[in-house]
Each structure stands twice: as structure tokens, then as C-alpha cells.
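See structure below.
Values in this document were obtained by computation on a predicted structure and should not be read as measured data. Index from 1, following the sequence.
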Amino acid sequence: MDRRSRSDKYLISEQPGMKILLTGLILAFLIGYTTSSLLSPQRIKSQLEKAASHIHKDIKVSFDSAELSLANGILPRFSVVIKQVRMESDQACWMSPVLEIDEMRLPLSLWGLISKESPVKTINADNVVLTLRGTVEACEKEKQQANENNHRPKESAPLVKLSPLEQAEKYRNDISGLNISSFKIISAQYPQYPSEFLSFKAQVKSFEPRVVEVHAKTNFLKDETVGDYLSHANLFLEYKEMPEQSLQAHFFGNWREGHYSVIAHYSLLDHMLNVETDVKHIPLSQVLQVLQKYDMVSKDLNGKQVWISAKARMRGEAEKLKSAPFEVKDLRLEGDLGEMSVENASFTSVDPLRYKPFLIDIKNMRIDKLLAFINRPEKARFFGDLGSFTGQAEFVSEKDMRMVGEHQGLQFIFSNKSRRENQFVDRIAGEISLKGDTWNIAVNRAEPRGGSFIGNIKVKADRDFKDVQLNSNIDEVTLAPVIQSLMTNGGEIGVLSLNAEARLIQGKASFVKGTAQLNTLDVEGMTFGKSKAKFDLQHGEIVMNAQAQSLNVEDDSAGAEVLKSVTPNSWWVDQILSLKDLRGDVRLKSNQSLQWTGLEAKAGKDGKITTSGSWDEFGMLKGNVQTKDGKVTRKFQIKGNRDIPTFTEESGKATK
């Protein structure tokens with residue numbers, strides 16, 4: 001065969017290939033033109049708007065644009081992209097929701113487009129925000145109005161009722177997946193406390209019977225100063241129809257060194273909700289923040305440096321959770337506050353809060369930390385360390401509680417002439433109870449370090465300690481030697497016994513009455529023998545009638561210089577002035593002014609000294625002194641101030 005015949009043969013053999021290529025190009029052009037016509041943005045948007053109008057009559061749907069996307073960067077992607085989607089409803093019992101989506105992507109299946117199956121199996125979305133504009137109260141109000149008008153609340157009926165066979169067929173073509181990169185839920189009632197879920201994924205595991213699973217990550221008990229990496233949380237939800245319609249939820253995660261887990265089961269048949277929680281070593285401050293957001297606990301509480309562990313269980317109707325009973329076990333608070341534990345506590349209602357009697361074991365509860373916990377860190381100036389409490393508390397109700405135990409490490413501050421010393425009280429035994437709005441505190445044993453205490457103290461007060469009544473029956477109390485020396489400038493305070501009643505309203509004394517006895521008192525070289533006093537509050541003044549068996553004044557004492565100015569030299573024997581049967585009345589005002597009247601004492605065989613006078617709030621003195629030695633009487637005027645008194649004899653000579 002020659003060369004020409006071979007080339008003609010090849011040309012003839014290539015003609016069918018050319019025909020196929022040309023046919024393919026024509027078909028591709030026709031398919032492309034048809035596809036661009038059928039899947040143009042305007043046509044897609046029109047079809048979606050038509051489909052959205054059939055979702056529900058009470059749901060309004062709108063979106064800015066919809067188009068077909070064939071690629072995602074360099075990767076192929078055949079999907080419908082919908083931007084700026086908004087769905088909203090005014091239904092009060094749906095919480096009047098508004099759903100906003102930045103971008104939705106509906107991946108399309110080519111096989112689904114040419115078959116009877118749904119071309120969309122999965123929905124992907126970027127930023128989704130669900131805003132709940134309504135409240136539970138608004139829903140209850142709508143139901144109440146419907147009942148008052150003899151109408152049942154309208155329930156949304158399904159648009160289409162399908163037979164089981166039709167349902168199974170429909171479900172096989174239904175959407176089986178939903179993926180949201182960021183899903184935020186905002187309540188208009190609490191806009192400052194949004195909930196945000198990341199990597200939100202919902203998947204239909206079975207269409208018949210229906211089983212749906214949801215996985216998501218979020219942050220719980222989040223601390224902005226620390227960051228998200230310490231507060232990861234995971235959410236798992238499962239909805240299933242067999243053996244009954246139910247929703248199972250598991251919420252778990254960590255906070256710093258702590259861990260929490262919440263498992264809930266909700267039955268759609270009887271609307272019963274079961275919840276079990278387990279928290280271990282969670283910062284109490286973060287738990288309080290969550291509870292305070294919804295006004296479940298006082299905003300005055302401050303749980304810094306305190307951790308909580310507990311297990312709890314609740315069961316009740318979902319619509320009546322506030323009145324549902326719940327049980328708390330193995331509750332433990334620990335940290336700077338000390339340690340408190342509850343083995344078992346049963347609550348019959350959340351709102352109002354009601355519970356069965358339960359016990360709290362308390363170990364080394366720091367009182368100063370407790371005051372900081374309730375945001376009342378102020379303390380009286382005469383207190384040092386407030387010590388700690390160990391004991392047991394019994395709670396019957398919020399107005400009926402009792403606490404029994406021991407207080408350790410309490411300190412009282414004593415000061416004199418710019419010096420300070422602490423009186424330690426190693427142990428105080430007693431009990432505290434609340435009945436109604438009345439507190440009762442009883443101290444029946446105390447162990448002051450270096451001293452003694454025999455007797456009891458009782459305190460009765462209103463709930464806020466604005467009206468306080470005190471009653472003391474003390475047979476014996478002594479202070480530590482260092483305190484005695486401080487208060488007497490090197491002297492000694494003997495055994496004190498005290499029986500007294502007092503009432504304070506808004507921190508001010510309105511009633512004071514009692515008696516006190518002291519076996520001896522040595523103050524700067526002046527020694528008092530057995531002394532006693534009766535005191536009372538009259539017209540804002542403490543009125544005291546005092547008596548002392550004896551008073552010995554040494555020549556080098558602080559009072560010797562004053563008494564030598566008005567007493568005869570014959571009264572000083574061996575440089576000691578001895579007085580007997582001292583008695584008189586003293587009035588003390590709250591502004592530190594003082595008045596004494598009829599103060600007298602005997603000296604020697606027939607000597608006597610009497611005086612009356614006062615000093616004002618500035619310490620300025622006025623008064624008189626009269627001494628009688630046998631038949632000789634002398635009178636003096638008192639002037640100057642408390643630190644430097646002056647005595648001026650009236651006649652300049654003694655009278656007989």
C-alpha cells in the first residue's frame with residue numbers, strides 16, 4: 001500500500017472521534033447554558049424564598065442573597081451559599097426568637113440532583129446568633145389570658161401528616177447533618193451573659209426510629225483574666241424516639257484544677273426531667289457568679305480562695321422546676337475559709353427555698369474569712385485575730401438554725417499610753433441559734449491565756465444585730481499578767497465578778513444595769529482593797545455607786561503628789577497614806593466627761609476626806625475637796641485639768 005492510501009485511511013478512522021468531540025462540546029454548551037439558567041442566583045433565591053414560606057406560618061424568613069458555588073479556593077465545591085439569613089417569630093412561648101446567620105452553605109449531591117433523593121444532606125454555617133427576646137413570664141401570661149378567654153393556647157400543628165411508610169420514605173431523603181462553627185445564644189433578659197458554642201455539630205444517626213446526636217464545645221465558669229484554656233467544656237445531646245421520646249444531655253468540663261459534670265434526661269411523654277451533677281474542687285467564686293446572674297443567691301457573697309465539691313440530683317416536671325425537690329450529697333467547702341461539709345441535704349423547693357433539717361460539720365472556720373465571704377470585713381477596734389470555729393450547725397429552716405462548738409484563737413486588744421498588748425482566748429465553748437428573727441448566743445466556758453473565766457454570757461439580738469441585749473453572770477474572770485501590768489502601769493488587777501444587763505440599739509447603749517466586784521486593784525502604787533460598784537444608765541449617763549474597803553497610796557505613786565496637796569502630813573505613816581471605807585457616786589457621759597459627788601473616805605482615827613467635782617470633754621476640772629482631821633477642817637477649790645490639777649485653799653487657813 002502506498003503512502004497516500006495509508007493517510008486517507010487514518011483520516012477516515014479519525015472522523016468518528018471528531019464527531020464525538022464536537023457532540024460533547026455542543027452538549028456541554030447546552031448543559032452549561034441550561035444550568036446557568038436554572039441555577040442562576042435569581043432563580044435560586046426565588047426557589048429558596050418559596051421553600052422558606054412553607055416552614056411555618058409563625059416564622060418569618062429573609063436573606064440577602066443565594067448563589068451556586070462551584071469551588072472553595074482551589075478545592076471543588078458544589079453548593080448553594082446563602083448569606084445574611086434571618087428567621088424570627090413573635091411566639092411568646094418560643095421566647096420570641098430571632099435567628100441570624102452570616103452565611104449558610106448547602107452542599108449539593110450531583111447524584112441527588114439527577115435522582116429522586118434530596119440533593120442536600122448537610123447544612124454548614126459560620127456565625128449563628130440566636131436571640132431570645134421573650135421571657136418565661138410572658139409565656140405564662142399568654143397562657144393565662146388564653147385560659148381566661150376559655151381558649152386553649154394555640155399549638156402549632158404539623159403542616160403535613162404522613163403515614164409511617166411515608167415518614168420512612170421522607171426521612172431517607174432528609175437532612176442528616178448540621179455544622180456550625182460559632183453558635184451564640186443571647187437572652188434579652190440577661191444580655192450581658194451570652195452562651196457561645198464552638199464546633200457545633202448535629203447528626204441524624206437514625207431516621208426510623210429517629211435518633212439525633214449533638215456535639216459542641218463551649219466555655220463555662222469563664223474567667224477573662226485567665227483565658228479560655230482553663231475552662232473547656234463539652235456538650236453532648238441525644239434525642240431518640242424509642243423506647244420513648246426522650247432527650248439525654250451530658251455537659252462536662254474543667255475549671256482550673258476542678259471538674260464538673262451534668263447529666264440530664266428529659267421525657268417528652270410526661271415532661272419529667274432528671275438531672276445529676278457532680279462538681280469537684282470548683283472555685284466557689286465562679287459558681288456564685290453564675291448563681292448571682294440569675295438572682296439565686298445574695299450578691300454580697302464573695303467566695304475567693306474557696307473551693308466547692310458536691311453531688312446533686314433533681315427530678316421533677318420541666319415546667320415546675322422551681323418547686324421540684326432535689327438532693328445534695330457530699331457537699332464540701334474548703335480553702336482559706338476553713339472546711340465545711342454536709343453529708344446529705346434534701347431540698348423540697350428552690351423558689352421559695354425550702355429544705356429538710358440537715359447538719360453541717362465545721363472545721364477551723366476562720367471568722368475573718370467568713371466576714372469577708374459575706375462582704376462584712378469590718379470588725380471592732382478592740383478585736384485582733386478573730387480566730388476560728390469548729391463544731392456542728394443544724395439548719396431546720398432559714399429562720400431556725402443552731403450551731404454548737406468551740407471558738408479558738410480570739411484576740412482582744414488592750415492599749416494604754418500608746419502601748420498595745422493582746423489578750424488571747426484559747427477556747428470559747430457555747431452555742432448560737434436563730435429562731436424566727438432572733439439570734440441567741442450563749443458562752444458557758446472560756447479559757448483566756450494566762451487568766452481564768454468562770455460564768456456565762458448570753459446575747460440576744462435581732463437578725464441584723466441592730467438591737468442587741470447582753471446578760472452576763474461571771475463569778476470569776478482574770479486577765480493575763482502582761483495585760484494587768486499594761487493597764488495598771490506595772491500593777492495588778494485581781495479577780496473580777498460581774499452581773500450585768502445591757503441593751504444596744506444601732507450600736508448605742510439604751511440600757512445598762514449591774515454590779516461588779518473586785519478583790520484587789522494595784523494601780524501605779526495605789527492599792528485598792530475589796531471593791532464593788534452598782535451601775536445604771538440614766539439619761540444617757542452611766543451612774544455608778546462605788547465602794548472600796550481600803551486604799552493605800554505609796555509616797556512615790558502617781559496619786560501621792562495630788563493627795564499630799566490636800567491631806568495632813570499626820571495621815572502619812574511610813575510614807576503611806578491609808579484610807580478606809582471609800583464610797584461615792586460617779587457619772588460618766590459618752591463624750592468622756594465625768595462627774596463625782598459625795599466621794600468620801602476615812603483616815604486614821606477620826607480623819608475624813610470628801611470631794612465633789614467634774615471634768616468636761618476637754619479635760620478641764622472644777623470642784624472642791626474638804627478634809628477633816630479631828631477638829632481641824634480645810635477646804636480647797638479644784639481647777640486646772642486632769643493631767644495637772646491645782647488646789648487652792650479657800651480661806652488660806654484651817655478652820656476649827
Side-chain angles (χ1 to χ4, degrees), residues 220-221 223 225-226 230-231 254-260 277-293 295-312 328-345 347 353 355 357-380 383-396 398 401-412 422 424-434 439 441 443 461 463-465:
F220 190 55
L221 304 176
D223 190 342
T225 62
V226 177
L230 290 177
S231 59
N254 64 285
W255 172 251
R256 296 191 183 183
E257 63 275 18
H259 175 82
Y260 55 88
T277 64
D278 186 0
V279 297
K280 294 180 179 179
H281 213 61
I282 296 295
L284 180 61
S285 59
Q286 304 302 316
V287 178
L288 290 177
Q289 285 183 18
V290 175
L291 298 178
Q292 288 166 350
K293 289 176 184 179
D295 298 324
M296 296 181 67
V297 299
S298 171
K299 290 183 171 58
D300 291 334
L301 299 180
N302 179 3
K304 292 182 179 179
Q305 299 302 313
V306 180
W307 289 263
I308 182 172
S309 300
K311 296 179 181 179
V328 178
K329 289 186 175 182
D330 302 328
L331 172 64
R332 183 181 298 275
L333 294 177
E334 54 190 339
D336 289 354
L337 182 66
E339 183 178 323
M340 291 184 288
S341 60
V342 178
E343 184 176 346
N344 187 33
F347 294 79
L353 185 64
Y355 45 84
F358 64 91
L359 298 176
I360 300 179
D361 289 318
I362 304 171
K363 294 181 180 179
N364 299 320
M365 182 177 67
R366 301 287 305 175
I367 303 303
D368 55 349
K369 299 297 182 181
L370 177 63
L371 294 177
F373 176 72
I374 60 177
N375 267 332
R376 293 181 181 177
E378 300 84 4
K379 61 183 178 181
F383 280 124
D385 193 335
L386 296 177
S388 62
F389 177 84
T390 298
Q392 192 174 68
E394 179 184 11
F395 282 79
V396 178
E398 61 178 359
M401 58 188 73
R402 179 172 175 264
M403 188 161 55
V404 180
E406 278 193 354
H407 193 148
Q408 297 180 342
L410 180 63
Q411 296 179 14
F412 291 93
N422 290 338
F424 295 86
V425 183
D426 292 331
R427 289 182 179 82
I428 299 175
E431 67 175 68
I432 302 174
S433 65
L434 175 66
W439 288 99
I441 303 173
V443 176
R463 195 177 189 91
D464 298 322
F465 281 83

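In this structure, OG1 in Thr390 is found 5.5 Å from CD in Gln408, a value given to the nearest 0.5 Å. The structure places CD1 of Ile360 at 7.0 Å from CE of Met340, a figure rounded to the nearest 0.5 Å. Annotation: the span from Lys369 atom NZ to Ile367 atom CD1 amounts to 12.5 Å, rounded to 0.5 Å.
Listed here is the closest heavy atom pair of Trp439 and Met401: CH2-SD, 4.3 Å. Ile282 approaches His259 most closely through the heavy-atom pair CD1-N, 3.5 Å. Across all their heavy atoms, Leu386 and His407 have their closest contact at O-NE2, 2.6 Å. Gln392 and Asp361 get closest at one heavy-atom pair: NE2-OD1, 2.9 Å. Heavy atoms only, all atoms of each residue included: Ile362 and Phe389 are closest at CG2-O, 3.6 Å.
Counting non-hydrogen atoms of neighbouring residues, nucleotides and ligands closer than 6.0 angstrom, the CD atom of Glu343 reaches no more than 12 such neighbours.
Asp385 contributes a side-chain N or O that, together with a main-chain N or O of Gly387, makes up a donor-acceptor pair within less than 3.5 Å. Of the possible donor and acceptor atoms, none in the side chain of Ser341 sits under 3.5 Å from a partner among the backbone N and O of Arg332.
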Next item on the list: Please lay out, stage by stage, how Val342 and Val328 fare under the test side chain to side chain contact (heavy atoms under 4.5 Å, CB included).
Entry: CA-CA 8 Å; Val342 178; Val328 178; over 6 Å; no
Checklist line | Stepwise side chain to side chain contact (heavy atoms under 4.5 Å, CB included) check, Ile308 with Leu331 | finding: CA-CA 7 Å; Ile308 182 172; Leu331 172 64; 3.8 Å; yes
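Ring planes of Tyr355 and Phe347: perpendicular class, angle over 60° (limits at 30 and 60°).
Using a 4.5 Å cut-off on side-chain heavy atoms (C-beta onward), Phe383 and Leu410 make contact. A 4.5 Å side-chain heavy-atom check between Met365 and Ser388 finds every atom pair outside the cut-off. Annotation: side chain of Trp307 is in contact with side chain of Pro283 (closest heavy-atom distance under 4.5 Å). Inter-residue side-chain proximity for Arg463 and Leu434 is flagged as met; some heavy-atom pair is nearer than 4.5 Å.
Partners of Arg402 according to the salt bridge (Lys or Arg N to Asp or Glu O under 4.0 Å) rule, which considers only residues two or more places apart in sequence or in another chain, are Glu431.
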